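The model shown is predicted, which means the values in this text are computed figures rather than measured ones.
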Amino acid sequence: MSEFDPQELSLSQFHRKLRRYFPERHLMLRSDSGMRQVTLTSLHQIVVLTAAVIFFGWVTYSTSALIWMDDIISAKDERIEDAREAYKSLLAEVSVYKQRVAEVTNALQSNHSQFAKLVDEEGGSATVPDGASEAEVKGLSGGEDADFLQEQRRYDREQQILMTQLTTLQQGMEDLSQARVLLTDFDGIELEMRKVVLQRDLALSQNQELTGRVKGLEDQLSDMEEAQVMLVERFGEMAQDKIAALETDLSETGLDVDSLIKRKKSENSSFGQGGPFLPLELPDIENPAFDASLNDLNDRLDRWGALHNLVLDLPLAVPLNVAYRVTSRFGVRKDPVNGRLSRHEGLDLGAPMLAPILATGPGKVVYAGWRGRYGRVVEVDHGMGLSTRYAHMRTIKAQLGQHVERGEVIGAVGSSGRSTGSHVHYEVRVNGKPRNPAVFMKAGKNVFKD
């Protein structure tokens with residue numbers, strides 16, 4: 001704005017100076033959308049300048065204050081260090097003073113001993129009874145002896161003086177001793193108080209630390225106990241699932257599982273056991289939930305173990321390891337030779353000639369040979385009243401009395417006896433009564449699928 005502008009002439013001198021130092025400024029801002037003009041008035045510029053001055057002033061003050069505080073802290077640290085050195089010097093002076101007091105006490109005790117010795121020596125000389133008159137003295141001794149008696153009296157007076165001084169010295173020694181004791185007690189009390197305070201603070205700090213550690217250990221122990229309970233319960237659930245699966249599979253065979261388990265235990269008990277008795281000390285379990293879960297898990301594991309052992313001894317496998325097909329099922333059928341209805345007590349599995357026939361479970365061979373219309377037969381006793389029979393063999397490879405394992409070859413597929421072709425006639429008997437082998441084979445597929 002020109003100074004000849006009418007508006008400029010109407011302004012006061014103060015406003016003219018403001019406009020001179022802070023003239024209005026126009027900023028042109030360009031963007032994609034066009035041009036934009038921003039006007040900075042004198043007031044705006046003054047406000048920005050004032051804010052900048054205040055900001056830089058505050059920064060300068062803060063910096064100075066920090067430097068000043070550092071100097072103060074350094075000075076205090078020096079004073080603390082000086083105080084520490086003075087305290088060390090004071091302790092050293094107290095120690096020297098204690099030593100000096102001990103030396104003075106020893107010196108006084110030595111003087112006391114010397115004076116006591118001197119008194120004893122003086123008391124050993126000849127004395128005259130108190131109150132004796134001069135005439136009595138002269139009567140007791142002649143002229144020369146009177147001088148000795150007078151000298152003796154002089155020694156007596158000196159002895160009294162020495163005794164008085166000795167008493168004074170003894171009293172002073174007692175006072176000094178008392179003063180030394182007071183000084184020592186004061187110094188000791190201060191030091192003991194400092195020790196007690198330090199020991200108390202240290203004990204409190206250790207107690208708090210130990211309390212925190214105990215609390216942390218208790219929390220960890222609680223978490224571990226909860227985790228153990230959950231883990232035991234999880235194992236129990238897994239064991240129960242296995243038990244349920246085994247019981248379901250075995251239930252299809254129609255066997256009395258509990259009765260078989262008892263019978264197996266009874267058969268096993270006939271074998272001897274022994275060994276030294278070594279008592280086992282088990283830790284006390286204070287968590288009832290964990291105790292109950294553990295007992296339940298043990299019961300389930302025992303049940304699972306008994307079922308597992310039972311399954312291993314049952315004839316649940318398939319007697320062939322080659323492709324086969326069921327040519328005649330268990331139960332009522334039309335006889336393949338005469339076409340009449342008959343009862344079929346086994347399962348006919350058609351397979352190639354000479355295909356290996358396998359034992360379906362561990363047991364003892366109780367028959368191996370020709371048996372009429374069955375042809376060549378092998379019969380295996382699996383215990384617990386269960387037995388299996390394999391008929392119409394071409395050859396027999398098991399011997400009477402032999403112990404065989406599941407999957408062991410006991411013969412070969414043939415067509416001996418009353419047969420119309422190569423197959424194996426497979427029977428499962430429980431206490432001498434025939435059972436459907438198909439359900440045993442099906443249970444075996446489920447049990448041994450893993």
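A 6.0 Å sphere centred on CD of Glu252 holds more than 12 heavy atoms belonging to other residues, nucleotides or ligands. Remark: His308 NE2 is loosely packed, at most 12 non-hydrogen atoms of other residues, nucleotides or ligands lying under 6.0 Å away.
Taking the side chain as every heavy atom from C-beta outward, Pro319 and Leu349 approach each other to under 4.5 Å.
Between the OG1 atom of Thr360 and the CD1 atom of Ile410 there is a distance of 7.5 Å, given to the nearest 0.5 Å. Here CG of Leu386 is found 6.0 Å from CZ of Phe440. Values are rounded to the nearest 0.5 Å. Between Leu255 atom CG and Ile261 atom CD1 the span is 11.0 Å, to the nearest 0.5 Å. To the nearest 0.5 Å, atom CG of residue Leu307 and atom CG of residue Leu250 are 6.5 Å apart. We find the OG1-CD1 distance between Thr248 and Ile243 to be 11.5 Å, quoted to the nearest 0.5 Å. Distance CZ/Phe56 to OG1/Thr60: 8.5 Å, rounded to 0.5 Å.
Here the closest non-hydrogen pair linking Gln402 and Lys397 is OE1-O, 4.3 Å. Val365 and Ala368 make their closest contact through CG1-CB, 4.1 Å (heavy atoms, listed as atom of the first residue, atom of the second, distance). Taking every heavy atom of both residues into account, Leu320 and Ala351 meet most closely at CD1-CB, 3.8 Å. The shortest heavy-atom contact between His344 and Phe330 is O-CD1, 3.5 Å. Taking both residues in full, the closest heavy atoms of Arg406 and Leu314 are given as NH2-O, 3.7 Å, listed atom of the first, atom of the second, then distance. When all heavy atoms are compared, the tightest approach of Gly411 to Met393 is CA-SD, 3.9 Å.
Shown here are the salt bridge (charged side-chain N to carboxylate O under 4.0 Å, His left out) partners of Glu237, two or more places apart in sequence or in another chain: Arg234. With sequence neighbours excluded, the residues satisfying ring pair (Phe, Tyr, Trp, His ring centres under 6.0 Å) with Tyr426 are Tyr390. Residues passing the salt bridge (charged side-chain N to carboxylate O under 4.0 Å, His left out) test with Arg389, sequence neighbours excluded: Glu379, Glu427.
In this structure a side-chain-to-backbone donor-acceptor pair under 3.5 Å is missing from His382 to Ser387. Between the side chain of Arg263 and the main chain of Met384, a donor-acceptor pair closer than 3.5 Å is present. Side chain of His423 to backbone of Val413: no donor-acceptor contact under 3.5 angstrom is found.
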Residues Val326, Asp348; criterion side chain to side chain contact (heavy atoms under 4.5 Å, CB included); working and verdict = CA-CA 6 Å; Val326 178; Asp348 291 343; over 6 Å; no
ask   = Which is it for Asp219 and Lys215 under the salt bridge (Lys or Arg N to Asp or Glu O under 4.0 Å) test, yes or no, and what are the steps along the way?
value = CA-CA 6 Å; Asp219 294 340; Lys215 184 62 170 60; 3.0 Å; yes
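The residues Arg303 and Asp258 are annotated as salt-bridged, a charged nitrogen and a carboxylate oxygen being separated by less than 4.0 angstrom.
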